[in-house]
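Okay, so here's the structure we're looking at.
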There are 2 protein chains.
Amino acid sequence: MSLPRTGPVRSEAARLAILEATAALFAERGYEHLTIEGVAARAGVGKQTIYRWWRSKGALVAECLLEGLLFDDRLALPDTGDVRADMQAWLTTVFAVIDAEPGLVLSLLAAAAEHPEVGARLRDSLTGSASISGRLDAAIGSTTALRPGVATEQLAEALIGAVVLRALSRSSSDADDAARLVDAILGDAAD
Amino acid sequence: MSLPRTGPVRSEAARLAILEATAALFAERGYEHLTIEGVAARAGVGKQTIYRWWRSKGALVAECLLEGLLFDDRLALPDTGDVRADMQAWLTTVFAVIDAEPGLVLSLLAAAAEHPEVGARLRDSLTGSASISGRLDAAIGSTTALRPGVATEQLAEALIGAVVLRALSRSSSDADDAARLVDAILGDAAD
């Protein structure tokens, strides 16, 4: 089969339609009731078009999550100027999402374990100015300062890693857990 | 089919034979070349007997890993009296294992994401006296003391979580990375 000349352009449009359909269905139904068939119907593409780019529902939803298409701004880091309070608030939200949608986070992890490209996306999402480590970097020298020289990338890894482990162990977590975790990890890194 | 009266006893023997065969084949061939067929032949059981207890090769190997049947004592925490040095040495070994056998760790994570019982085993392995948090607890008040009141369970979660994240992101790590991670997470928790 030869592709039409407009193939790449049309493909990108289809790809975006699929991601948007996934995000819309996720908002309406939640992760458990989201199906590849439903996404295909909503996006106006065939199932095979979806499987051309994503090997599983988990991989597809993982991309949406990492693109920031799910949860609107709910999972964005708050920025009140107090990095410790912001991290606690963010972790509390993340824990609530894990409790409400355990299948979502576990599928993301399974997809990251199975597909290197999802793992790479997960890693990329940890760096950059909008990321946890970016925010920790920005907090060095601020009012609720982190000590200069603090390894922010490693602290970010520790925070996200602890979240991943909570999800894997299916343990329920609340705002107190979030506070304990932030206190333990940031420790005396904050003056 | 009715089970013989000695069923449970014979089942436990078969279960142990399967775990031992898995460990032996893992040592000989590594994770990638280990197969359920090979384990069944070595243990003298049928493949269906294995699938009765474990749903995948990943789940089977995960159980061996969490039972301490792989790597002999190589993955045990060293105990030199210096908890920070011990953690660094242990993390360096773990990073080397991840580099040498990426499929092993990723399969463990995929199995933990898919099967709650594997996730629970992973969580259980984090507590107890032989665990990271147990060792951090023991280090409170020792020569290279951790501050009393330090949340050792959360610190252990952070350390293991960071390891999990490294595995998922397929990033190579060395002794320097291990040292940076331990320094960042234990921070000033050690006096």
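Note that this is a predicted model, so its numbers are computed, not measured. Proteins get letters first, then strands, A, B, ... in listed order; numbering begins at 1 in each.
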> After noting the C-alpha distance and the side-chain angles of A:I185 and B:Q154, does the key distance pass the side-chain contact (heavy atoms from CB on, under 4.5 Å) rule?
Replying inline: CA-CA 8 Å; A:I185 293 174; B:Q154 280 76 15; 5.9 Å; no

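Between chain A and the residues B:P102, B:G119, B:A110, the most heavy-atom pairs under 4.5 angstrom are made by B:G119. The most heavy-atom pairs under 4.5 Å with chain A, out of B:G58, B:S107, B:A151, B:P116, come from B:P116. Of the listed residues (B:L108, B:T152, B:L168), the one with the most heavy-atom contacts under 4.5 Å to chain A is B:L168.
There is no path of hydrophobic side-chain contacts, each under 4.5 Å, that joins B:I50 to B:L16. In the hydrophobic clustering of this structure, B:L69 groups with B:W53; members are Ile, Leu, Val, Met, Phe, Trp, Tyr whose side-chain heavy atoms approach within less than 4.5 Å, directly or through other members.
Every ring pair (Phe, Tyr, Trp, His ring centres under 6.0 Å) that A:F26 has, sequence neighbours left out, goes to A:F71. Every residue meeting the salt bridge (charged side-chain N to carboxylate O under 4.0 Å, His left out) condition with B:D79, not counting sequence neighbours, appears here in chain and number order: B:R135.
Residues B:L109 and A:L109 are not in side-chain contact: their nearest non-hydrogen atoms beyond the backbone lie 4.5 Å or more apart. Side-chain contact between A:E157 and B:R166: present, with at least one pair of heavy atoms (C-beta onward) separated by less than 4.5 Å.
Here CG of A:D177 is found 9.0 Å from CD of B:E153. Values are rounded to the nearest 0.5 Å.
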